[in-house]
Amino acid sequence: NLVSMVRVTGVMLALVVVAVAAWGKEYAPALDSDPNIAMVDGKWVKLPPREEMIGKPNRPPGEGPPPTVLNPDTAMEHGIITVLVASYRETKCPRTLVNLFTKAKHPERIRIGIIQQNKDEDIDCQIGMCELMKQPAESGKCDYFDQVRMIRMKASEAKGPVFARAQQIRTVEKDDDFCMQIDAHTDAVQDWDTQILSEWFETKNEYAVITTYPTEVTQLNVNGGGHWTMPYNCHAHFAGQPGLVVNTVASTAANMEYPILQPLWAAGLSFARCHSERQVPTDPELKSVFGGEEFGRGSRLWTAGYDFYALRRPVIGTWYGGDKGNHADWKMAGGEASDSSHRLATMLRWPGSDQSATAVAALGNFGLGKKRTLEQYIAFSGVDTINQKMDSQCVVSYVPWDWGDDVEAGQAARAKRGVAQAIEVHVEDPSEEDQRKVDAPHDLRKAIINSRVAGLAVNEGDKPGGFKPVDAGLSRQHPDAGNEEPYDPEVRPWDNESDPPRRRKWTSRQELLLACLGFLVVYYGGNAVTKRCGRRRGKPTHLLV
């Protein structure tokens with residue numbers, strides 16, 4: 001009858017809804033000894049294949065990540081890394097400087113920019129560094145003295161960590177290639193500079209950001225449980241105030257063979273090309289903000305085309321809790337905190353936030369990027385600031401964007417195909433013809449026209465008119481690394497028969513749900529047909545007509 005049919009239809013629809021929900025949330029189980037695994041809901045699960053997770057290199061714009069501009073081998077030897085540190089009355093700041101310089105493989109290529117907020121009685125980071133090395137705190141007499149760029153403020157001028165980090169861009173110079181933001185109470189492994197460069201180049205993404213909560217210092221060289229584990233940022237929560245989303249305790253990834261893509265950015269360690277600081281500078285108007293800065297900056301970076309990757313091995317460590325050695329006496333200003341909160345709410349389209357043209361325009365250069373949308377980031381991260389819903393996405397895949405016309409990526413890729421001849425042009429003031437020939441961003445033009453940094457030249461292709469992504473020389477390479485064909489717009493290597501579209505594999509939960517659905521369809525459908533044919537209780541089925 002009609003009531004039964006409605007009931008059966010309702011049950012089937014409910015099962016369909018559950019199956020669809022399970023479709024995106026079921027992951028293949030894994031052992032703790034398996035490669036490329038992550039902890040999700042208290043269980044180890046397998047992560048997607050490398051190219052699905054972090055993007056397949058050597059794809060055209062809109063289909064894969066933008067290719068790296070610099071050659072990894074020469075960058076390891078000549079690339080300048082500028083470390084950015086915001087320090088509020090930190091006692092371990094001098095030790096942090098000594099650690100970074102003395103443990104770098106190429107300390108001469110390290111620069112450290114410090115925003116220091118001290119009281120008169122506090123130790124100065126730069127002077128304290130020299131004292132630890134038992135050297136006079138003077139230029140020419142203290143090792144690395146001239147490689148420290150100091151901006152000194154009074155502690156009374158402090159307006160929170162975000163405001164301090166917004167001043168860091170003042171310590172970044174035009175010749176700096178990579179920028180790394182860390183805390184002022186930090187240590188590192190030996191040769192940390194080349195190790196983190198290797199990690200970055202392994203992503204094969206010019207817009208990659210290596211970011212995580214650093215390992216506790218005492219665990220830097222510890223392979224716990226027989227497998228390497230690293231923090232993996234995918235959980236957050238709403239902090240109860242407009243605009244504030246706070247990262248929660250990191251999840252865990254282990255046995256990684258490649259840097260793993262993750263949805264959330266972390267302030268404690270962020271390593272990327274310095275154009276990330278120039279294109280997405282920290283907002284100086286976010287005063288008296290502590291919790292909530294990371295999601296705000298992360299959403300801006302991601303929508304500007306940047307991607308977040310977790311390290312495969314600990315490189316940078318930090319002291320936590322009482323071991324930090326800082327004077328935590330900074331006080332938030334309520335009015336400033338409220339203004340900052342509402343500013344973030346406008347950017348993230350919080351319910352009830354001011355979305356007027358005036359409020360949006362007031363964000364200026366500190367709003368969302370234009371390469372991806374906020375809606376895309378909501379789907380990617382699971383943090384829905386518009387509808388106030390939270391659905392953590394701990395296993396994510398690369399989201400492409402059209403970098404073809406982008407200043408830093410698209411033009412650089414096009415210039416690579418003609419760079420073999422242009423690289424020999426070493427002039428201090430290039431002609432208009434030379435400039436047009438090398439139509440590329442500042443970092444690439446510098447490599448081509450400036451003999452001082454000619455060692456940072458981009459890669460020449462194996463074939464005329466092409467380029468080949470290069471590997472970082474890591475000990476555990478992906479089996480397909482370095483085998484990509486050069487990108488030629490006339491040849492579509494991504495359309496060959498050997499590279500068919502991937503199909504999602506069925507999972508055990510989906511198979512069970514669909515089996516139940518099929519059983520119900522057969523059972524209730526057959527029962528309905530039987531009744532309609534006039535079956536009576538006790539009448540043999542074979543007598544039915």
Original post:
Looking only at atom types and distance, does a side-chain atom of Asn99 sit under 3.5 Å from a main-chain N or O of Thr186, one as donor and one as acceptor?
Top reply: yes
Subject >> Stepwise salt bridge (charged side-chain N to carboxylate O under 4.0 Å, His left out) check, Arg343 with Asp283 >> reply: CA-CA 10 Å; Arg343 183 174 173 85; Asp283 188 352; 2.6 Å; yes
Original post:
Just wondering, do Thr68 and Asn205 contact through their side chains at under 4.5 Å, heavy atoms?
Top reply: no
Subject >> Listed partners of Arg152 passing salt bridge (Lys or Arg N to Asp or Glu O under 4.0 Å), at least two apart >> reply: Asp124
Original post:
With Phe178, which residues qualify under ring pair (Phe, Tyr, Trp, His ring centres under 6.0 Å), at least two apart?
Top reply: Trp200, Phe271
**OP:** Apply ring pair (Phe, Tyr, Trp, His ring centres under 6.0 Å) to Trp350 and list each qualifying residue two or more places apart in sequence or on a separate chain.
**Re:** Phe238
Original post:
Which residues pass the ring pair (Phe, Tyr, Trp, His ring centres under 6.0 Å) test with Phe295, sequence neighbours left out?
Top reply: Tyr377
Original post:
Would you call Asp307 and Arg372 a salt bridge, using N to O less than 4.0 angstrom?
Top reply: yes
Original post:
Charged N to carboxylate O below 4.0 Å: is that the case for Glu257 and Arg50?
Top reply: no
**OP:** For Glu293, enumerate each residue passing the salt bridge (Lys or Arg N to Asp or Glu O under 4.0 Å) test, keeping only those at least two apart in sequence or located in another chain.
**Re:** Arg165
**OP:** For Gln168, check side-chain hydrogen bond (donor to acceptor under 3.5 Å, both in side chains) against everything at least two apart and list the hits.
**Re:** Gln181
Subject >> Those residues that, when tested against Thr358, pass side-chain contact (heavy atoms from CB on, under 4.5 Å) (two or more places apart) >> reply: Ser356
Original post:
For Glu285, what residues pass the salt bridge (Lys or Arg N to Asp or Glu O under 4.0 Å) criterion, not counting sequence neighbours?
Top reply: none
Subject >> Electrostatic pair Glu277:Arg297 at N-O distance under 4.0 angstrom >> reply: yes
Original post:
Hey, does Ile115 have a side-chain heavy atom less than 4.5 Å from the side chain of Leu84?
Top reply: no
Original post:
What pairs with Lys389 under salt bridge (Lys or Arg N to Asp or Glu O under 4.0 Å), at least two apart in sequence or on another chain?
Top reply: none
Subject >> Pairs where residues 314-325 contributes a residue and the test salt bridge (Lys or Arg N to Asp or Glu O under 4.0 Å) is met, not counting sequence neighbours >> reply: none
**OP:** Look up atom CE in Met180 and atom CH2 in Trp192, then write down how far apart they are to the nearest 0.5 Å.
**Re:** 4.0 Å
Original post:
Any ion pair linking Asp354 and Arg349 (charged N to carboxylate O, less than 4.0 Å)?
Top reply: no
**OP:** For residues His185 and Tyr320, establish whether the separation of their ring centroids is below 6.0 Å.
**Re:** no
**OP:** Identify, with sequence neighbours excluded, every residue that meets ring pair (Phe, Tyr, Trp, His ring centres under 6.0 Å) alongside Phe380.
**Re:** Trp302
Subject >> Distance (rounded to the nearest 0.5 Å) between Met150 CE and Ile112 CD1 >> reply: 10.5 Å
Original post:
Roughly how far, to the nearest 0.5 Å, is the CD atom of Glu199 from the OH atom of Tyr309?
Top reply: 12.0 Å
Original post:
Considering residues at least two apart in sequence or located in another chain, which fulfil the side-chain contact (heavy atoms from CB on, under 4.5 Å) criterion with Ser338?
Top reply: His342
